[in-house]
Amino acid sequence: MIKSSDQSIWIREPDGTLNVFEVDTVHSQLYAAFARTGRSEGYLAEDLALALEFILLSTERESRIFLRSEIDGALGRMLADAGYPEVLAAWRERSSAAIELTVTARPAPLSELIANHLAVEGPALERLARRVADAAFKLGMTELRPPLAVELARQYERDDIPRELPVPASVFAPIDAPGVLATEAAIMPGLSMATREYFTAGAFELTPVSRYFPSFRVRVRLMALAGFRRWTPPVTEMMVCGDFVEAGRRLAELRQAVREAVGELPFYLNVPDLPAFTTEVMESEWPQGRKSALELVRYLFDGLGEKPFKLRIG
C-alpha cells in the first residue's frame, strides 16, 4: 500500500534561502521547456512534475528539505531516462541562468552556509567549516560557490548523506511499455452502471495512466456531483454526507479496476471546483468555508476505505 502524504517540501536555494516546492510551478517550467524545443509532448510535463514530487515525498529522510542541486539532478535524470535530452538541455539553460553566488572561504561564513544545508551543529560544524576552508586555501581559492562548498563538506562529513535522490523503479514503467497504460475508455466497460453514471454526469474524470509516471489520478467535480444528486442549496453536512460516502464507494470500484489493469499505483485526488461548490452549493464564504467543505470531501475517503497519496484542491 502506498501511504498518503500531506507533508510540505522545501527547497534550499544556493543562497541559503528556503522556498516551498510547488509542483504546479515545476509543471509550468517543464511545459515551457518542451515548447522551447519544439516537442509536442508537453502534456508529459505534469507526469514528470508529479513523478519528481513523488520521489521527494518517498525519500526516507527526517527532514523534507532538499538542495536545489538535488532537485535539478533528479529531474535531469528523469528527463534523460524518458528520452528527452533536448528538453533536459532547455531545463538546464533555465537553471544556469541563475545568478552566480560565492561565499568567502573562511570558517565563519562557511559555518553558516553548511548549517543551512547539512544536519550538523556545534563542534562537528566548526570542524567541517575549518576543513572546507583549509581545502580552499590549498587550492588557492579565496571564494567558493555554495554548491562546491556544500559538496566538500559532505565529503568530510562522516555520516553517509546521499548525494543523489534515488529514483524508485516504481516511478517509471518498463521502457518498452506503451506510452499510455490505461485510459478511461478502456476501464469504463468493466465498471458497474452505478459507477459509470458518475462519469456520464461529469462528476468523475480519470486521467490516462502514463508510463512516464504510472499513477491513479481522478478529478471529482463537486458541482457536477451536486447536479447529479439533485442537491438544493444550501446543503449541510448531514444532508449530503451519505451521498459523498456512496461516491467514495464508486471511486473504490474505479480504483480496483485500475489496480487490476496496471497494478498498485499512487492515488491522486483532484477536487478542482471546491471554492465554487463552497460558495454556490454550501452558500458559505471562501476561504472561510474551506474547512467545512473539506470535511465533506473526507466522506469520500470513508467510502473509498483509504486516503489518497495527495489531495489537490483547484
Exercise. Check the hydrophobic clustering (I, L, V, M, F, W, Y; side-chain heavy atoms under 4.5 Å; chains of links allowed) and say if M193 and L191 are grouped together.
Key: no
Quiz item: Can you tell me how far the CZ atom of R290 sits from the OG atom of S284, to the nearest 0.5 Å?
Solution: 14.0 Å
Quiz prompt | Closest non-hydrogen atom pair between A153 and L128, with its separation | solution = O-CD2, 3.5 Å
Quiz item: Is it true that a side-chain atom of S58 and a backbone atom of I55 form a donor plus acceptor pair closer than 3.5 Å?
Solution: no
Practice problem: Side-chain contact test, heavy atoms from C-beta onward, threshold under 4.5 Å: evaluate it for L265 versus F309 and give yes or no. | Solution: no
Exercise. May I ask you to decide whether R250 forms a salt bridge with E246, counting only side-chain N to carboxylate O separations under 4.0 Å?
Key: yes
Self-check item: D47 side chain to Y212 backbone, donor-acceptor under 3.5 Å
Solution: no
Quiz item: About how many Å separate CZ of F66 and CG of L56, when rounded to the nearest 0.5 Å?
Solution: 5.0 Å
Quiz item: What residue among V258, V209, T195 forms side chain to side chain contact (heavy atoms under 4.5 Å, CB included) with I187?
Solution: V258
Quiz item: How far apart are the closest heavy atoms of S111 and A129, and which atoms are they?
Solution: OG-CB, 3.2 Å
Exercise. For side-chain contact (heavy atoms from CB on, under 4.5 Å), just list the numbers for R229 and Y198, CA-CA rounded to whole Å, side-chain angles, deciding distance to a tenth of an Å, and then say yes or no.
Key: CA-CA 10 Å; R229 304 302 302 186; Y198 284 80; 3.6 Å; yes
Quiz item: What do the steps show when you test E264 against R255 for side-chain contact (heavy atoms from CB on, under 4.5 Å), and what is the final call?
Solution: CA-CA 9 Å; E264 187 70 36; R255 176 131 170 80; 2.9 Å; yes
Quiz prompt | Note, L50 side chain near K310 side chain (heavy atom, < 4.5 Å) | solution = no
Quiz item: Are the side chain of E295 and the backbone N or O of E237 linked by a donor-acceptor pair below 3.5 Å?
Solution: no
Practice problem: Compare all side-chain heavy atoms of L30 with those of L79 and state whether any distance is below 4.5 angstrom. | Solution: yes
Quiz prompt | Interatomic distance, E41 atom CD to S210 atom OG [nearest 0.5 angstrom] | solution = 11.0 Å
Exercise. Supply the atom-to-atom distance R64 CZ to L57 CG, rounded to the nearest 0.5 angstrom.
Key: 6.0 Å
Practice problem: Answer whether the closest heavy-atom distance between the side chains of F228 and T200 falls below 4.5 Å. | Solution: no
Quiz item: Taking side chain as C-beta onward, heavy atoms only, is F301 less than 4.5 Å from P308?
Solution: yes
Self-check item: Within-4.5 Å side-chain heavy-atom neighbours: L75 and D72
Solution: no
Quiz item: Can you name the nearest heavy-atom pair linking A133 to P107, along with the distance?
Solution: CB-CD, 4.0 Å
Self-check item: Whether F54 and F213 hold their rings parallel, tilted or perpendicular, with breakpoints at 30° and 60°
Solution: tilted
Exercise. Show your reasoning for whether side-chain contact (heavy atoms from CB on, under 4.5 Å) applies to L296 and M282.
Key: CA-CA 11 Å; L296 287 178; M282 298 180 68; 4.0 Å; yes
Practice problem: Indicate yes or no: at least one non-hydrogen side-chain atom of N19 is less than 4.5 angstrom from one of W10. | Solution: no
Self-check item: Side-chain heavy-atom pair V271, F277 within 4.5 angstrom cut-off
Solution: no
Quiz item: Given T207 and Y268, is the side-chain contact (heavy atoms from CB on, under 4.5 Å) satisfied, shown in steps?
Solution: CA-CA 10 Å; T207 300; Y268 289 78; over 6 Å; no
Quiz item: Between R230 and D243, is there a side-chain N and carboxylate O pair less than 4.0 Å apart?
Solution: no
Quiz item: For the atom pair OG1 (T278) and CD (E285), what is the distance rounded to the nearest 0.5 Å?
Solution: 10.5 Å
Quiz item: Below 4.0 angstrom, N of the basic side chain to O of the carboxylate: do E205 and R217 qualify?
Solution: no
Exercise. List the atom of L88, the atom of G76, and the distance in Å for their closest heavy-atom pair.
Key: CD1-CA, 3.3 Å
Exercise. Could you pull out the closest heavy-atom pair between L274 and W286, with the gap in Å?
Key: CD2-CH2, 3.8 Å
Quiz item: Does Y31 OH have over 12 foreign heavy atoms under 6.0 Å away?
Solution: no
Quiz item: Do the charged groups of E46 and R312 touch, with an N to O distance under 4.0 Å?
Solution: yes
Quiz prompt | From F204 atom CZ to F199 atom CZ, the distance as rounded to the nearest 0.5 Å | solution = 7.0 Å
Practice problem: Please test R39 against T37 for side-chain hydrogen bond (donor to acceptor under 3.5 Å, both in side chains), starting from the C-alpha separation and ending with a verdict. | Solution: CA-CA 6 Å; R39 298 299 300 247; T37 56; 5.8 Å; no
Quiz item: Shared ILVMFWY cluster between I114 and F137, side chains joined below 4.5 angstrom?
Solution: no
Exercise. Mark yes when over 12 heavy atoms from residues, nucleotides or ligands other than Y43 sit less than 6.0 Å from its OH; otherwise mark no.
Key: yes
Practice problem: Provide the closest heavy-atom pair for V26 versus A49 in the form atom of the first, atom of the second, distance. | Solution: CG1-CB, 4.0 Å
